[in-house]
Participant: 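Dropping the structure in here first, questions after.
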Amino acid sequence: MTPVTTIQHLSDHVGHDVELQGWVYNTRSSGKLGFLMIRDGTGIVQGVVSSQGVPAEVFAAFETLTQESAITVRGEVREDQRAPGGYEILVSDLEVHQIAEDYPISPKEHGTAFLMDHRHLWLRSRRQHAIMLIRHEVIRACRDFLDSNDFVLVDTPIITPNAVEGTTTLFELEYFGRSAYLTQSGQLYNEANAMALRKVYCFGPTFRAEKSKTRRHLTEFWMVEPEIAYCDLECNIGWAEELVAYIVRRILETRMEQLKVLERDVGRLEVIKTPFPRVSYTEAVDILHKAGVEFEWGGDFGGSDETVISEQYDQPLIVHRFPAAIKAFYMKRDPEDERLVLGVDILAPEGYGEIVGGGQREDDLQVLVQRLEEEDLPREVYEWYLDLRRFGTVPHSGFGMGIERVVAWITGVQHLRETIPYPRTLTRLEP
RNA sequence: UGGGCCGUAGCAUAACUGGCAAUGCACCCGGCUGUUAACCGGAAGACUGGUGGUUCGACUCCACCCGGCCCAGCCA
């Protein structure tokens with residue numbers, strides 16, 4: 001009985017017969033010598049089919065194979081310098097489960113619109129496979145880091161009755177005769193959960209109906225949001241930078257092969273270490289001025305501003321203490337400067353933009369009520385949230401980290417749409 | 001929602017100043033016992049996104065429509 005294995009474990013079987021279950025990635029042939037690239041979901045390996053070494057019907061079966069046909073092959077694992085990857089299978093038996101019809105994605109170049117229309121098939125390609133493995137590892141690293149530091153996963157609702165930040169566009173849905181919205185952040189619920197369980201996080205999909213058409217935006221994306229009771233801005237920054245550094249370290253430890261497939265310059269990742277450089281918003285404005293960028297204190301940074309600022313460093317950059325006017329109502333005022341709030345963003349290097357946003361929350365009932373009024377937000381729907389300031393209010397902080405932006409930065413891909421299996425954007429709902 | 005660009009064979013591109021729509025890949029047929037996105041030979045495949053206009057003649061110029069991409073705003 002030939003043991004079944006997977007391509008990622010082939011090196012354990014050199015010199016022995018194995019069985020692989022997979023799909024045809026590509027075929028080549030030199031007359032009576034056939035080369036068969038086999039893909040099995042864990043990797044790609046070359047199979048060699050010799051007309052002299054196999055029964056005639058096996059070689060005939062090889063000749064019928066098309067791209068993405070489903071097959072089982074058996075044969076001896078060999079180490080061979082001529083094989084891509086260094087290992088190959090000397091095929092002795094080939095079982096065809098299905099001959100695939102004309103596969104739309106050829107090994108040559110395609111446009112992104114075409115590939116996105118075939119996203120369900122594009123995921124089989126080497127590059128997308130590598131991105132998905134890294135995405136998985138980024139998510140696992142987030143969970144491992146938080147779990148091992150005594151954070152409790154407490155889920156927050158996807159369907160919500162009102163906006164977290166009134167101004168942002170929400171996806172509205174009909175909920176048994178009344179309006180409801182898809183969540184754009186679990187934060188307000190996180191704050192309640194932190195008062196119950198001290199250190200918590202939520203991890204789930206987030207929805208923004210913004211009409212943004214840039215490579216940095218999706219309408220549906222995944223976010224991990226930690227929230228910590230008895231934690232000020234400094235404490236919050238510490239958690240955020242340790243999380244980011246942990247993720248980078250983990251990917252370098254476990255996914256070097258995938259980073260190679262993506263031709264990522266890993267030197268840019270290997271230098272990442274805490275503490276990250278910090279600048280206040282006001283210092284960041286100075287950086288812009290010194291770089292010759294026209295920018296008025298009080299405004300929000302645009303994508304190109306962020307790039308100019310973060311390019312001064314080879315580390316993720318922590319920007320803190322923003323003007324209150326450009327941040328949400330729940331951000332705590334800076335006791336040392338009333339114009340500012342205790343917010344923090346982390347900008348990824350190499351122009352990948354904001355990967356983390358958060359801050360210390362306003363814990364004073366009167367100030368919070370006043371901020372709601374200033375923002376013209378309906379107080380009734382926030383009554384439960386205000387309860388958190390009536391019953392044992394304490395300093396607390398939290399942040400959200402966008403998974404796709406982190407994956408884009410680590411993998412070095414240009415567009416967020418390749419970092420999620422089925423991207424949802426302004427112009428794309430299928431497949 | 002503004003600004004810019006683009007729609008040509010299944011895919012990726014070309015066609016100069018308005019004059020017979022071309023090349024590569026994929027598919028099909030044939031050749032090749034070490035290929036590396038193999039290679040060599042052959043065949044097939046297009047009302048050039050839509051509607052109208054200018055012209056002897058439109059892939060090419062003009063108007064409108066449809067679809068997409070990039071940039072900006074907003075954000076993670």
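Just so it is clear: chains get the letters A, B, ... in the order the sequence lines come, proteins before strands, and each one is counted from 1.
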Participant: How close or far is atom C1' of B:rG73 from atom CZ of A:Arg208, stated in whole angstroms?
Facilitator: 15 Å
Participant: So which nucleotide from B:rA26, B:rA12, B:rU35 ends up closest to the side chain of A:Phe114?
Facilitator: B:rA12
Participant: Within 45° of the six-membered ring axis of A:Tyr87 and under 6.0 Å from that ring's centre, is NZ or CZ of A:Arg78 located there?
Facilitator: no
Participant: Rounded to whole Å, how long is the line connecting atom CZ of A:Arg417 with atom C1' of B:rG68?
Facilitator: 11 Å
Participant: Pairs counted only when both distances fall under 3.5 Å, Watson-Crick or G-U: show me the 5' to 3' dot-bracket for RNA chain B, [ ] for pseudoknotted crossings and | for other-strand partners.
Facilitator: (((((((..((((.....[..))))..((((.......))))......(((((..]....))))))))))))....
Participant: Mind checking whether A:Phe62 and A:Phe59 have parallel, tilted or perpendicular rings, split at 30° and 60°?
Facilitator: tilted
Participant: Side chain of A:His110, base of B:rC11: donor and acceptor closer than 3.5 Å?
Facilitator: no
Participant: For the ring pair A:Phe329 and A:Tyr382, is the centre-to-centre distance below 6.0 Å?
Facilitator: yes
Participant: Distance between the P atoms of B:rG19 and B:rG42, in whole angstroms?
Facilitator: 30 Å
Participant: Any idea which of B:rA37, B:rG68, B:rC32 is nearest the A:Ser29 side chain?
Facilitator: B:rC32
Participant: Can you tell me if A:Gln312 uses its side chain to pair, donor with acceptor, with the backbone of A:Val308 under 3.5 Å?
Facilitator: yes
Participant: Closest approach to the side chain of A:Phe35, judged atom by atom: which nucleotide of B:rA76, B:rU35, B:rA12 is it?
Facilitator: B:rU35
Participant: Go nucleotide by nucleotide along RNA chain B from the 5' end; which of A:Phe221 and A:Asn26 gets its closest nucleotide reached first?
Facilitator: A:Asn26
Participant: Starting at the 5' end of RNA chain B, which residue's closest nucleotide do you reach first, A:Met223 or A:Thr425?
Facilitator: A:Thr425
Participant: Verify the neighbour count for atom CD of A:Glu350: are there more than 12 heavy atoms of other residues, nucleotides or ligands below 6.0 Å?
Facilitator: yes
Participant: Rounded to whole angstrom units, what separation is found between the CD atom of A:Glu354 and the P atom of B:rA76?
Facilitator: 5 Å
Participant: Mind calculating the distance between CZ (A:Phe399) and P (B:rC75) to the nearest angstrom?
Facilitator: 20 Å
Participant: B:rG7 and B:rU48: how far apart are their C1' atoms, nearest whole angstrom?
Facilitator: 10 Å
Participant: Answer yes or no: side-chain N or O of A:Arg405 and base N or O of B:rC75 forming a donor-acceptor pair under 3.5 Å.
Facilitator: yes
Participant: Grab the CG-P distance between A:Leu426 and B:rA72 for me, whole Å please.
Facilitator: 15 Å
Participant: At less than 4.0 Å, is any side-chain N or O atom of A:His415 found next to OP1 or OP2 of B:rC70? Yes or no.
Facilitator: yes
Participant: Kindly point out which of B:rU1, B:rU35, B:rA12 is positioned nearest to the side chain of A:Pro84?
Facilitator: B:rU35
Participant: Ignoring the backbone of A:Glu210, work out which of B:rC75, B:rG2, B:rG34 is nearest its side chain.
Facilitator: B:rC75
Participant: Using only modelled atom types and a 3.5 angstrom limit, is any donor from either the side chain of A:Gln81 or the base of B:rG34 paired with an acceptor on the other?
Facilitator: no
Participant: Please report, rounded to the nearest Å, how far the P atom of B:rA76 is from the CG atom of A:Leu347.
Facilitator: 12 Å
Participant: Could you check which of B:rG34, B:rC27, B:rG73 has an atom nearest any side-chain atom of A:Asp102?
Facilitator: B:rC27
Participant: Could you check whether the side chain of A:Ser212 and the base of B:rC74 have a donor-acceptor pair of N or O atoms closer than 3.5 Å, going by distance alone?
Facilitator: yes
